[in-house]
Amino acid sequence: STVNGGNLYAASDKYGNLYFSFFDMNDSYFRLTKYDSSGNYQWTKYYVTGGYNTYPQAIALDTTGNIFLIGNSQTATGSPFILKYNAQGDLLWTAGSTINGSGFFAGFVDKPGNIYVTGYCKDSNNYSRDYLTIKFNNAGIQEWAKRYNGPGDEYDISVSVKADDEGYCYITGTSYFLFIEHTVTIKYAPNGDTIWTRFYSQDSNYQYGGSDLIIDNFGNVFVAGLGREGNHDGYGGYSLIKYDKYGNIIFNKIDTNGN
């Protein structure tokens, strides 16, 4: 959604409080606003950006009422950031990435308060993009950063991240190989080691990229994707893949009709 050309994002916590963030291109800052479960206004916080190239991208919440605002800055080198606020709207810390050409698309906070963000960075040739996933602890200190370059050494971008109760991190997104989209899902250990990487492709006639994932209580991973026919613009199909905790595929369902 947009407000005066700016990005608008919303989230709600387990108490029913609502949080909204958007960037107004007429200003040089963006807002984070909180309402309680009855819709009563609580507070608004402003973060100065210095220009329209800096904007919010996602909101993540922990179990104790803290809010994590995730955003990007479209500078030459890229400068994505995380802002952590408490329930009263006080800014606790800021963190970010200095990796060349990086940007964040999504974030997730686990029970101990670690935050995982995922997105992209420029590849080693400074030509295309790789997956980028970073873990910060609850004090905003970076624990590790991992990148993934697909087999095609082309355009790779991660758009969804989750973590389980044991601290394992899961990401999914799209990797291009021979100019065809493929779904790549990765599981990382708490220390950042890669546990498994799964590359899913239908065929050249109908290509799918990962768009979101969830984890159940047994460690199974469900990956949803969007598909399109050949190299046509626009998306009209869907995919759903289930992996067990070891990365074995349990099933994959495909709908090429957009139903």
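Although no hydrogens or angles enter the test, the distance criterion places a donor-acceptor pair under 3.5 Å between the side chain of T118 and the main chain of L132. Between the side chain of S128 and the backbone N or O of E154 there is at least one donor-acceptor pair closer than 3.5 Å. Under a 3.5 Å cut-off, the side chain of K84 and the backbone N or O of N138 do form a donor-acceptor pair.
Counting only N and O atoms by type, the side chains of Y35 and Q42 include no donor and acceptor under 3.5 Å apart. Using modelled atom types and a 3.5 Å distance limit, the side chains of Y131 and N149 yield no donor-acceptor pair. When only modelled atom types and interatomic distance are considered, Y41 and D36 share no side-chain donor-acceptor pair under 3.5 Å.
A cation-pi geometry, defined here as NZ or CZ lying under 6.0 Å from the six-membered ring centre and within 45° of its normal, holds between R129 and Y120. Note that K187 lies in the cation-pi zone of Y168, set by a 6.0 Å cut-off to the ring centre and a 45° limit from the axis.
Relative orientation of the F104 and F136 rings is perpendicular, given thresholds of 30° and 60° on the angle between their planes. Using bins of under 30°, 30° to 60° and over 60° for the plane-to-plane angle, the ring pair Y188/W144 lands in the tilted bin. Below 30°, between 30° and 60°, or above 60°: for Y243 and W196 the angle between ring planes is between 30° and 60°, a tilted geometry.
Crowding of N40 atom CG: a count of heavy atoms from other residues, nucleotides or ligands under 6.0 Å exceeding 12. Within a 6.0 Å sphere centred on CZ of F251, heavy atoms belonging to other residues, nucleotides or ligands number more than 12.
Using a 4.5 Å cut-off between side-chain heavy atoms of Ile, Leu, Val, Met, Phe, Trp and Tyr, with links allowed through other members, L240 and I171 fall into different hydrophobic clusters.
The side-chain heavy atoms of S12 and S37, taken from C-beta on, include no pair separated by under 4.5 Å. Annotation: side chain of W43 is in contact with side chain of L32 (closest heavy-atom distance under 4.5 Å). In this structure, S21 and T33 have side chains that are not in contact, with every pair of non-hydrogen atoms separated by 4.5 Å or more. You'll find the side chain of F68 stays beyond 4.5 Å of the side chain of F108, heavy atoms only.
A salt bridge links D130 to R147: one of the charged nitrogens lies within less than 4.0 Å of a carboxylate oxygen. Taking the charged nitrogens against the carboxylate oxygens, K162 and D212 do have a contact shorter than 4.0 Å, which makes a salt bridge.
Aromatic ring centres of Y155 and Y176: separated by under 6.0 Å.
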Problem - Full working for side-chain contact (heavy atoms from CB on, under 4.5 Å) between D164 and Y170 - result: CA-CA 8 Å; D164 61 24; Y170 306 78; 2.9 Å; yes
Practice task
For side-chain contact (heavy atoms from CB on, under 4.5 Å), just list the numbers for Q142 and I134, CA-CA rounded to whole Å, side-chain angles, deciding distance to a tenth of an Å, and then say yes or no.
Solution key: CA-CA 7 Å; Q142 181 177 307; I134 305 178; 3.7 Å; yes
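Considering T133, I195, V161, T197 in turn, T197 is the only one that fulfils the side chain to side chain contact (heavy atoms under 4.5 Å, CB included) rule with I186.
Taken from CG in D244 to CD1 in I250, the straight-line distance is 4.5 Å, to the nearest 0.5 Å.
Taking both residues in full, the closest heavy atoms of S160 and S211 are given as CB-O, 4.0 Å, listed atom of the first, atom of the second, then distance. For the pair T172 and G210, the tightest heavy-atom approach, listed with the atom from each and the gap, is OG1-CA, 4.0 Å.
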